Amino acid sequence: MKKLVNLTLLGAALLTGGYMLAEETARPIYLDESKPLEERVEDALSRMTLAEKVGIIHAQSKFSSPGVQRLGIPGIWCTDGPHGIRPDVLWDEWEQAGATNDSCVAFPALTCLAATWNPDMALLYGKSIGEEARYRNKNVLLGPGVNIYRTPLNGRNFEYMGEDPLLASRIVVPYVKGVQENGVAACVKHYALNNQEVDRDHVDVRVDDRTLHEIYLPAFKAAVIDGGAWSIMPGYNKYDGEHACENHTLLLDILKGDWGFDGVTISDWGAVHNTEKVASNGLDMEFGSWTNGLNWGASNAYDDYYLAKPYQKLLEEGKLPIADLDDKARRVLRLIMRTEMDRNRPYGSLNSDEHYDAARRIGGEGIVLLKNEDNLLPLLSDKVKKVLVVGENAIKMMTVGGGSSSLKVQRETLPLDGIRKLAAEKGIEVVYERGYVGDVTGEYNGVTTGQDLNDSRSPEQLIADAVKAAREADAVIFIGGLNKSDHQDAEGVDRRQYSLPYGQDDVISALANANPNLIVMGLTGNAYAMPWLDKVPAVVQGWYIGSEAGNALADVVFGDVNPSGKLPMTFAVALEDYAPHAAADQEMYPGKDGIVKYKEGLGVGYRHTDRLKPSRVNFPFGHGLSYTSFKLGKPGITQNGDSVTLRVPVTNTGKRAGSEVVQVYVSDRKSSVERPEKELKGFAKVSVEPGETVEAVIKLGKEAFAFYDPNSNLWTVEPGDFELLVGNSSRNITSRNRITLHDSITWSDAVK
């Protein structure tokens, strides 16, 4: 006789994935959201067979994993980010699914977000992109990325948050919280040491323990401990001989051990290589493309993944412990209950006016005014009547391409269009010349821009035409930089050179000779050489801003937005000014015999470049100008044991409202170990009206004075004198303040 289905249970099942539980006669605990989460997880786990446990820890399609239909437990759907929600592809192919409802808002690239130096913008970003993911019914957003900017050649730097671990930590935490407010898991990537794309699948990173903990892990640690991230993605690379997805030290000792991570580790696509290693060393879910997860095998071969049938066979033979499987399944169940089985999560929204407004606000706040001689910017109608715009990046869509962050957008306002629109409102004429031809393609993974960017003119003719138009204009805006083509800013490959491609330096030099009022606007995710810098009065770093690129750039050009962005990385003069390239040592980059050695240790970014002559740095870390001026006063300092509070008066000495970022760097005057000359340990962004003085309050805890001792595996604060350097960039220090710490302090990373 057939059992009757409990109607209450049926209703619950419909709310949790539409599955009926024909074998149950009473409501299981795991469906009762009034019960504690861990009790629900254990109840569900106790009802699952070994095959069902194995089934939920690997993919069933390109972007999904199965649940347990028998128990009404839904699966997980992932989506690429971190700048927007990627369009859907077919179940087992990379071709587009052909959906008409999967266009999105493209938010600014994470370099732009980091350049805001504003955690409030990071929260807005996370909340907005999380709403789009939720509306599309995605459970896991594969982002954000927080790998440290070690070399400007890294093709994926535009997806990350700059060269400083504290800045990345302060930005990633609210991003994660904002995403997860929507019942969508942030999946922080690529854990860890994924600092180049050359040979990324196999390169073995060798770095000392102190550098690992002080430079390359803090942002991940913050995302887990302070942000409460529900998932982490290990990268493709190796660390100390083991792939990141199979790395006992990274996944078990540090992430799940010291930091107490209770979420899910999700492999990068095809980053798994060995069943026994991945089963034993802390990876929870395997995703990929083909039989081996990456590049070969039959279609629909997900049961052949390393964590699928091969794993199940070893378990059934008693060669691997069931306890490890239970831990993986337990974590996946916890993730499902935090996302898809949470009936109280909001519904989300897609392509809303609020999201476009957020993208425009974040973009405007992240744009960095690098140079502005004679107040050339903003362009005002009483100074200019005709503006020439030059450059391919003014008319090229940048939301398509670059790798897995490529998007299908509902709309994208191009720089030229945004500038033309706002200029017309102000009575300013705008004309355009191409200047150079770079990449005329516009396609990635089946998404096309629909643009025809072909131009038959020779490079010489393009320059001649631009120069002629420049002589007839009151001001010229050159909009160039990099793009998201291979060997520029793109996943899978690094840049081949530090200089700008497509002969842009020649175009800029010719324009500078033709018109003294030249503004160079670089749309890039990386620093680049500027051999023409002395000839150009105004330089703007514009990043990849997404759907609202044209409007955000125009807001700054014409003064509707007062720029307040600060560089999250150093813009050095030449490639050899960066530590990994200083000695032209192949072992340091891109590696030799499959091994790359981080011989520079802590000397990453400004920790190295600030020791060089000022002439070797075009623009330092933390630099960014405004259309007004600020004065930083003498800070008031309150010391309470090992914590210090600085109150820094910020006076707006100009004529318009603006925002300034007060930065505090710490210098250890005498230490038993070698330490960087100075390190960012706190910052605050304040808005100030003309003539007003506002206090920026910055609190430093014991972590601000500590170094990691690899011998004891403890963080250590040594007693003695420290200098607190206050300024608005790593090189523009306005006050030095000495304090003394009297007690020695040590602590471990282990979460109590």
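Just so it is clear, the values below take in all heavy atoms, side chains as well, and ignore hydrogens, waters and symmetry mates. Here, residue 1 is the first one in the sequence, and each next residue gets the next number. Just so it is clear, the model here is predicted, and its values are computed rather than measured.
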| Test side-chain contact (heavy atoms from CB on, under 4.5 Å) applied to K238 - qualifying residues, sequence neighbours left out | D204, H243
| said: Under a plain distance cut-off of 3.5 Å, with no hydrogens placed, do R338 and N139 share a side-chain donor-acceptor pair? | reply: no
| said: Any carboxylate oxygen within less than 4.0 angstrom of a Lys/Arg side-chain nitrogen, looking at D164 and R170? | reply: no
| query | Any chance the rings of Y216 and Y598 have centres within less than 6.0 Å? | reply | yes
| query | Can you name the residues that form a side-chain contact (heavy atoms from CB on, under 4.5 Å) with I225, not counting sequence neighbours? | reply | K221, W259, V751
| request: From the options Y302, W269, F287, W77, select the one residue that forms a ring-ring contact (aromatic ring centres under 6.0 Å, His included) with F63. | output: W269
| query | In terms of the angle between their ring planes, are W747 and W715 parallel, tilted or perpendicular, with boundaries placed at 30° and 60°? | reply | parallel
| Under 3.5 Å side-chain donor-acceptor pair for T151 and H581 | yes
| request: Decide salt bridge (charged side-chain N to carboxylate O under 4.0 Å, His left out) for R607 and E679; before the verdict, give the C-alpha distance in whole Å, the side-chain angles of both, and the deciding distance to 0.1 Å. | output: CA-CA 7 Å; R607 288 166 170 80; E679 297 181 281; 3.1 Å; yes
| query | Between R675 and D668, is there a salt bridge with N-O shorter than 4.0 Å? | reply | yes
Extract all donor-acceptor atom pairs below 3.5 Å that involve side chains of residues 182-189 and protein atoms in other chains or at least two apart in sequence.
| residue | atom | partner | partner atom | Å |
| --- | --- | --- | --- | --- |
| N182 | ND2 | K127 | O | 3.4 |
| N182 | ND2 | G178 | O | 3.1 |
| N182 | ND2 | V179 | O | 3.4 |
| K189 | NZ | L142 | O | 3.0 |

| Is the F621-W117 ring centre distance short of 6.0 angstrom? | yes
| query | Crowded around K599 NZ? As in, over 12 foreign heavy atoms under 6.0 Å? | reply | yes
| field | Residues N281 and E246: side-chain donor-acceptor under 3.5 angstrom | value | no
| Who passes side-chain contact (heavy atoms from CB on, under 4.5 Å) against D577, sequence neighbours left out? | A572, V573, A574, L612, R616
| Between K702 and D642, is there a side-chain N and carboxylate O pair less than 4.0 Å apart? | no
| request: Output every pair passing salt bridge (charged side-chain N to carboxylate O under 4.0 Å, His left out) with a member in residues 138-157, not counting sequence neighbours, ordered by first then second residue. | output: D88-K138, R150-E600, R156-E159, R156-E491
| remark: Exactly one candidate in N526, T111, N195 meets side-chain contact (heavy atoms from CB on, under 4.5 Å) with Y149; the answer is N526
| Do D324 and K328 meet the salt-bridge criterion of a basic N to acidic O distance under 4.0 Å? | no
| field | Cationic N near anionic O, under 4.0 Å, K256 to D284 | value | yes
| Residues which pass side-chain contact (heavy atoms from CB on, under 4.5 Å) with S643, listed by chain and number, not counting sequence neighbours | N640
| Quick one: do the S672 and E718 side chains pair a donor with an acceptor below 3.5 Å? | yes
